[in-house]
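If you're wondering where the values come from, they're calculated on a predicted model, not measured in any experiment. We're numbering straight along the sequence, starting at 1.
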Amino acid sequence: MRNFNLPIYNSKLETKEDLQKVLRQILNPLSKYYINNYTGLHLANTSASYADNIAYIEGLLRLLWGLVPYSYGGGKSDLWNIYVESIKRGTNPECEEFWGQIKDFDQRIVEMAVLGFALALVPDKIWIPLSERERHNFNKWLLQVNEHKVYECNWLLFRVIINTGLMKVGAEYNADKIKEDIDKIEEFYIGDGWYSDGKDGYSDYYISFGIHYFSLIYAKLMENEDMDRSILFKKRAAEFAKDFIYWFSEDGSAIPYGRSLTYRFAQSAFWSALVFAGVDVYSLGIAKGLILRNLRWWLKQPIFESDGRLTIGYVYPNLIMAEEYNSPGSPYWSLLSFLILCLKDNHPFWTVSEKPLPLLDLVFPQEKPHFVICRNKENSNVLAFNAGYKMINDHINAAAKYEKFVYSTAFGFSIPRGEWGISQGAFDSTLALCESDDNIYRTKRNCIEYKVCDNYVYTRWKPWNNVDVKTWLVCGNPWHIRIHVITTDRILNTAEGGFALGIEYDKEIINTDGNSILINSQYGTSGIINLNGEREPKIIFPSPNTNIIHSHTSIPMLIGKLDLGVHILVSAVYGNIEKTNFENFITNAPSLKIINKKIIIYDENKNRIFELFIRE
């Protein structure tokens with residue numbers, strides 16, 4: 001895919017000055033998009049699930065996640081003149097551009113958090129320039145958050161940061177709300193440094209760039225006033241870091257999983273917050289490498305419009321994968337990673353040599369996010385094998401974002417374009433089922449049982465009340481095994497997809513022998529082999545823009561039909577960023593034996609790697 005040749009890509013990203021330059025190149029192209037006397041930012045004409053005027057406020061304020069650290073760390077910017085003026089007008093109820101009275105669960109509560117952050121770090125830019133009356137208006141507008149409901153998840157910490165910022169400048173704030181919200185967040189702690197994002201919620205990127213990120217900001221700001229909490233938050237972040245580091249590849253990419261992926265390089269925001277808060281878990285060189293490699297990886301992708309605006313999408317502009325709350329300004333949450341610019345020029349972070357990832361286990365179970373993570377020796381493709389969750393939220397395409405069998409840094413994942421058939425469904429890394437007289441497929445949406453073990457995950461799911469599927473994923477990289485025991489009272493068609501491989505049409509190479517299929521392209525190799533069950537291999541060309549990494553893909557699939565009763569389907573799935581010839585693919589494939597209801601899996605060297613006894 002063609003990349004725009006913006007100046008931003010020319011930075012080496014090695015020094016503080018390089019990082020400051022990148023931030024300026026992200027912010028500078030937006031100058032012509034300010035509206036309403038600089039109280040909003042109108043970046044494009046798409047809408048979110050809240051009013052457009054609120055989206056304009058969102059776009060305006062999210063830029064401060066970069067500008068505040070930039071200025072605190074010594075950077076100079078004329079943008080503060082705009083923001084002082086916007087605050088004067090936006091918080092004045094007598095002004096035509098007033099940002100309005102907020103209500104329960106208001107998106108503006110999210111955006112207010114950066115104003116609390118700014119009050120704490122750069123009051124000279126955002127508080128001191130205001131008159132007494134203007135400070136009163138600003139204070140009163142922010143205090144609205146204490147009188148309205150917020151979602152009981154990472155949102156609670158936005159109110160914490162707002163009140164903390166007000167406290168730091170000696171304005172009116174609500175200490176009881178700070179305690180109440182932190183106590184509620186405590187209910188989400190599930191151990192080993194992990195939280196869930198709300199009661200029984202997911203453990204996804206919101207744990208890193210939501211709960212831990214803002215907890216670490218609070219920990220740093222309140223080291224003296226709330227020493228016990230500060231120590232606790234830092235300790236938990238250090239524990240979390242030992243797991244979260246496994247989500248990153250040596251090339252800088254991270255596992256795409258869950259919602260809000262349009263926040264892109266916020267993936268590495270946790271590492272910036274860890275250094276900002278002075279948490280010593282990995283060396284500064286390792287943290288520096290994680291932050292800079294992730295940002296470099298992102299800046300190589302076509303994520304900007306030709307005039308420099310960030311787009312909604314993941315690796316390329318893509319509204320299909322967006323959530324209902326993604327407005328044109330939403331992607332600037334990415335700027336959370338620029339927290340590292342708070343560090344003064346003499347901080348050792350800026351002079352230490354960048355280090356690669358430490359030596360990590362090739363297979364590493366993470367029970368809290370329900371993963372087993374597998375890397376190859378080159379750290380070039382990281383896979384997260386996923387047991388899934390018993391509950392699922394109602395965000396758009398939640399099943400694709402949270403319930404695929406495996407998520408990959410190299411192959412990404414695909415989301416449905418429509419409900420009709422396999423091509424619209426883009427069923428990579430999942431098993432899709434439909435009734436035989438229908439063409440509308442169902443996949444795993446949630447599970448009723450799950451287990452995370454040393455080298456496999458188990459999940460039980462029911463696409464219909466009278467269809468029961470038990471799935472075992474035997475983890476590995478580049479090969480993994482999938483075992484499904486399906487009990488059905490319906491006649492079903494089945495479609496099981498391997499990894500979605502990026503292609504350029506008519507340039508991919510496809511091999512099949514009637515039992516397996518392998519696809520090679522410039523982006524690597526994807527293949528699948530039927531080890532048990534009556535299924536035929538087939539290549540699917542999904543609808544364009546269904547995959548979050550490649551706009552055109554192909555998916556190797558096994559297609560079959562199930563009558564009423566109990567069925568055992570087993571497949572070997574292969575994915576590699578290097579090309580693989582068909583002979584080696586077949587020769588090195590895992591194998592299977594079923595003896596007296598016992599399934600035995602062997603690797604390419606005929607070593608027994610997994611056994612499963614099938615009970616009635």
Exercise: identify the closest heavy-atom pair between [X] and [Y]:
{"X": "Tyr332", "Y": "Gly308", "value": "OH-O, 4.3 Å"}
{"X": "Leu216", "Y": "Leu274", "value": "CD1-N, 3.8 Å"}
{"X": "Tyr218", "Y": "Ile178", "value": "OH-CG2, 3.9 Å"}
{"X": "Val275", "Y": "Ala287", "value": "CG2-CB, 3.7 Å"}
{"X": "Pro123", "Y": "Pro129", "value": "O-CD, 4.0 Å"}
{"X": "Ala241", "Y": "Val281", "value": "CB-CG1, 3.9 Å"}

Would a line drawn from the ring center of Phe371 to the ring center of Tyr246 be shorter than 6.0 Å?
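No.
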
State yes or no: are the ring centers of Tyr257 and Tyr402 separated by less than 6.0 Å?
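Ring centres of Tyr402 and Tyr257 closer than 6.0 Å.
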
What orientation do Trp333 and Phe214 show, parallel under 30°, tilted 30 to 60°, or perpendicular over 60°?
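Tilted.
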
Can a donor-acceptor pair be found, under 3.5 Å and without considering hydrogens, that links the side chain of [X] to the backbone of [Y]?
{"X": "Asp18", "Y": "Glu14", "result": "yes"}
{"X": "Gln366", "Y": "Asp243", "result": "yes"}
{"X": "Lys355", "Y": "Gly289", "result": "no"}
{"X": "Tyr407", "Y": "Ser429", "result": "no"}
{"X": "Asn163", "Y": "Arg159", "result": "yes"}
{"X": "Arg417", "Y": "Pro544", "result": "yes"}
{"X": "Thr409", "Y": "Ser253", "result": "no"}
{"X": "Thr39", "Y": "Ser86", "result": "no"}
{"X": "Asp106", "Y": "Ile109", "result": "no"}
{"X": "Lys401", "Y": "His395", "result": "no"}

Report the C-alpha distance between Thr262 and Asn318 in whole Å, list the side-chain angles of each, state the deciding distance to 0.1 Å, and finish with yes or no for side-chain contact (heavy atoms from CB on, under 4.5 Å).
CA-CA 9 Å; Thr262 197; Asn318 186 353; over 6 Å; no

Test item: [X] and [Y] side chains (from C-beta on) under 4.5 Å apart, heavy atoms:
{"X": "Asn92", "Y": "Glu134", "result": "no"}
{"X": "Tyr70", "Y": "Arg24", "result": "yes"}
{"X": "Leu295", "Y": "Phe338", "result": "yes"}
{"X": "Val114", "Y": "Arg62", "result": "no"}
{"X": "Trp271", "Y": "Phe248", "result": "yes"}
{"X": "Tyr263", "Y": "Leu336", "result": "no"}
{"X": "Val110", "Y": "Tyr325", "result": "no"}
{"X": "Ile245", "Y": "Leu357", "result": "yes"}

Test item: side-chain donor near acceptor, [X] and [Y], under 3.5 Å:
{"X": "Tyr38", "Y": "Arg89", "value": "no"}
{"X": "Thr525", "Y": "Asn576", "value": "no"}
{"X": "Trp99", "Y": "Glu111", "value": "no"}
{"X": "Arg108", "Y": "Tyr50", "value": "no"}
{"X": "Asp251", "Y": "Ser380", "value": "no"}

NZ of Lys242: more than 12 outside heavy atoms within 6.0 angstrom?
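It does not: Lys242 NZ has 12 such atoms or fewer within range.
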
State whether the number of non-hydrogen atoms from other residues, nucleotides or ligands found under 6.0 Å of Tyr173 atom OH is greater than 12.
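Atom OH in Tyr173 is not crowded, with 12 or fewer foreign heavy atoms closer than 6.0 Å.
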
Atom [atom1] of [X] and atom [atom2] of [Y]: how far apart are they, to the nearest 0.5 Å?
{"X": "Asn386", "Y": "Ile373", "atom1": "CG", "atom2": "CD1", "value": "10.5 Å"}
{"X": "Ile102", "Y": "Ile54", "atom1": "CD1", "atom2": "CD1", "value": "10.0 Å"}
{"X": "Leu339", "Y": "Ile217", "atom1": "CG", "atom2": "CD1", "value": "5.0 Å"}
{"X": "Asp78", "Y": "Ser31", "atom1": "CG", "atom2": "OG", "value": "11.5 Å"}
{"X": "Lys168", "Y": "Leu221", "atom1": "NZ", "atom2": "CG", "value": "6.0 Å"}
{"X": "Phe233", "Y": "Lys220", "atom1": "CZ", "atom2": "NZ", "value": "16.0 Å"}

Pick out which of Phe209, Phe240, Trp247, Tyr205 makes a ring pair (Phe, Tyr, Trp, His ring centres under 6.0 Å) with Phe270.
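Single ring pair (Phe, Tyr, Trp, His ring centres under 6.0 Å) partner of Phe270 among Phe209, Phe240, Trp247, Tyr205: Phe240.
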
Pick out which of Tyr195, Phe244, Phe188 makes a ring pair (Phe, Tyr, Trp, His ring centres under 6.0 Å) with His212.
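That would be Tyr195.
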
Mark yes or no: [X] above the aromatic ring of [Y], with NZ or CZ under 6.0 Å from the six-membered ring centre and no more than 45 degrees from the axis.
{"X": "Lys288", "Y": "Phe349", "value": "yes"}
{"X": "Lys579", "Y": "Tyr523", "value": "no"}
{"X": "Arg259", "Y": "Tyr206", "value": "yes"}

Check step by step if side-chain contact (heavy atoms from CB on, under 4.5 Å) holds for Leu501 and Phe411.
CA-CA 6 Å; Leu501 181 66; Phe411 298 103; 3.7 Å; yes

Is Glu250 salt-bridged to Arg375, cutoff N-O under 4.0 Å?
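Looking at Arg375 together with Glu250, the answer is no, because their closest N to O distance does not fall below 4.0 Å.
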
Would you call Glu239 and Lys368 a salt bridge, using N to O less than 4.0 angstrom?
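Not counted as a salt bridge, because no side-chain N and carboxylate O are separated by less than 4.0 Å.
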
Going by the rule ring-ring contact (aromatic ring centres under 6.0 Å, His included), which residues pair with Tyr314 if we only count those two or more places apart in sequence or in a different chain?
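Tyr314 satisfies ring-ring contact (aromatic ring centres under 6.0 Å, His included) with Trp298 once adjacent residues are dropped.
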
So, using ring-ring contact (aromatic ring centres under 6.0 Å, His included) as the criterion, who are the partners of Tyr56 when residues are at least two apart?
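Tyr56 satisfies ring-ring contact (aromatic ring centres under 6.0 Å, His included) with His42 once adjacent residues are dropped.
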
Would you please test Phe138 and Trp141 for ring pair (Phe, Tyr, Trp, His ring centres under 6.0 Å) and show each step?
CA-CA 5 Å; Phe138 190 15; Trp141 189 75; 7.6 Å; no

From CA spacing to verdict: ring pair (Phe, Tyr, Trp, His ring centres under 6.0 Å), Phe105, Trp155
CA-CA 9 Å; Phe105 311 113; Trp155 276 48; 7.6 Å; no

Does Asn154 form a side-chain hydrogen bond (donor to acceptor under 3.5 Å, both in side chains) with Tyr213? I'd like the steps, not just the answer.
CA-CA 10 Å; Asn154 65 91; Tyr213 184 88; over 6 Å; no

Are Ser521 and Glu504 close enough, and set up right, to give a side-chain hydrogen bond (donor to acceptor under 3.5 Å, both in side chains), and what steps lead you there?
CA-CA 8 Å; Ser521 81; Glu504 293 184 13; over 6 Å; no

